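The block underneath contains the structure these notes are about, expressed in structure tokens.
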Amino acid sequence: MSDKTQRNKQITKGRYAESLDPTSADEVYDAEFEGIVRQTLVRIGDDPSREGLLRTPLRVAKAMDFLTSGYQMSVSEVVEGAIFNEDCTEMVVVRDIEFYSLCEHHMLPFFGRAHVGYLPNGRVVGLSKVARLVDVFARRLQVQERLTQQVADALMDNLAPHGVAVVMEASHTCMMMRGVQKQNSTTVTSAMRGSFADDARTRAEFVSFIRT
Ligand code: ZN
């Protein structure tokens with residue numbers, strides 16, 4: 001089996017948690033990717049053959065696969081079997097969902113919290129699935145604005161609620177470590193759909209929930 005075939009096979013199932021497993025000393029995870037990382041190490045002026053860096057290419061390949069595992073995940077897989085008929089009409093809010101993503105401009109991490117609310121229309125989704133849904137889109141190369149909208153749209157499409165609200169607050173290491181070097185700024189983005197976009201009172205109720 002070629003590296004590529006083996007890699008694709010691994011990607012199809014279980015990549016989500018698999019990347020955290022310990023590995024044996026002589027393991028090759030993805031020869032091509034590891035070669036690129038080795039070249040990168042040389043390019044930045046270090047020596048990939050020194051002891052501390054020997055297994056770095058393998059670790060980087062695994063870490064990158066994990067951090068971008070959202071490409072192998074689909075919203076329908078995540079919510080499958082977790083949508084229930086329920087005549088609840090009150091607002092549901094899941095707040096302070098931790099997320100970690102990579103900015104698509106620098107491939108550097110940005111991370112923070114997501115607050116997700118929706119107004120059910122006969123159907124609710126398991127609460128842990130809301131957090132998983134955030135990961136589906138966060139574990140890709142992203143811009144925070146698009147990430148926020150994708151989470152909102154995925155809930156609208158799969159749950160058909162009266163409305164959805166998503167607010168994300170994040171720190172961007174590409175701003176903190178380079179460029180303007182502003183360590184304390186956070187970026188807040190929001191996406192309002194349905195009743196949250198149309199009705200100021202619904203929006204205000206959501207905001208009061210996430211501020212409490
Ligand atoms: Zn960036």
Side-chain angles (χ1 to χ4, degrees), residues 7 10-11 15-20 29-30 32-48 52-53 55-75 78 94-117 130-157 164-193 196-197 206-207 210-211:
R7 178 155 186 247
Q10 281 177 315
I11 281 173
R15 204 51 174 272
Y16 194 69
E18 199 177 60
S19 52
L20 296 174
Y29 175 71
D30 183 330
E32 194 181 344
F33 199 165
E34 288 166 45
I36 294 166
V37 177
R38 238 170 253 118
Q39 283 174 33
T40 307
L41 289 169
V42 172
R43 178 66 185 80
I44 63 177
D46 214 316
D47 171 12
L53 293 182
R55 285 165 53 76
T56 297
L58 176 137
R59 293 192 198 97
V60 171
K62 285 192 166 193
M64 283 305 291
D65 266 350
F66 179 73
L67 298 177
T68 58
S69 56
Y71 292 115
Q72 328 303 334
M73 295 158 71
S74 74
V75 173
V78 164
V94 186
R95 66 177 193 191
D96 294 324
I97 301 166
E98 245 182 285
F99 74 88
Y100 298 87
S101 189
L102 293 174
C103 84
E104 69 184 19
H105 302 129
H106 306 94
M107 294 175 71
L108 287 171
F110 68 97
F111 56 93
R113 290 169 190 282
H115 314 288
V116 178
V130 176
R132 288 286 311 277
L133 200 65
V134 171
D135 284 341
V136 169
F137 297 107
R139 290 188 180 143
R140 303 178 186 206
L141 301 183
Q142 276 289 6
V143 295
Q144 187 180 329
E145 296 86 338
R146 185 175 67 230
L147 169 59
T148 309
Q149 313 240 345
Q150 285 176 330
V151 173
D153 290 335
L155 272 172
M156 282 303 279
D157 292 347
V164 170
V166 180
V167 169
M168 299 185 100
E169 315 169 39
S171 302
H172 291 249
T173 57
C174 64
M175 275 182 77
M176 298 159 76
M177 298 174 68
R178 55 162 293 288
V180 290
Q181 291 183 288
K182 297 298 180 211
Q183 271 79 16
N184 297 312
S185 73
T186 53
T187 304
V188 182
T189 48
S190 73
M192 301 289 154
R193 301 285 185 268
F196 290 84
F206 172 71
V207 170
I210 67 174
R211 280 206 182 134

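When a ligand or atom number is given, it counts from 1 through the structure's own listing order. Just so it is clear, the model here is predicted, and its values are computed rather than measured.
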Arg178 meets the side chain to side chain donor-acceptor pair (under 3.5 Å) criterion, sequence neighbours left out, with His106
Where does the angle between the aromatic ring planes of His172 and Phe110 fall among parallel (under 30°), tilted (30 to 60°) and perpendicular (over 60°)?
-> parallel
Could you please tell me which protein N, O or S atoms lie under 2.8 Å from the Zn ion (ligand 1)?
-> Cys103 SG, His106 ND1, Cys174 SG
Hey, could you give me each pair passing ring pair (Phe, Tyr, Trp, His ring centres under 6.0 Å) that has a residue in residues 130-155? Not counting sequence neighbours.
-> none
Could you tell me which residues satisfy salt bridge (charged side-chain N to carboxylate O under 4.0 Å, His left out) with Glu145, sequence neighbours excluded, listed by chain and number?
-> none
Is the side chain of Glu34 donor-acceptor paired with the backbone N or O of Ala61 at a distance under 3.5 Å, no angle test?
-> no
Does a donor on one side chain and an acceptor on the other come within less than 3.5 Å for Arg139 and Gln72?
-> no
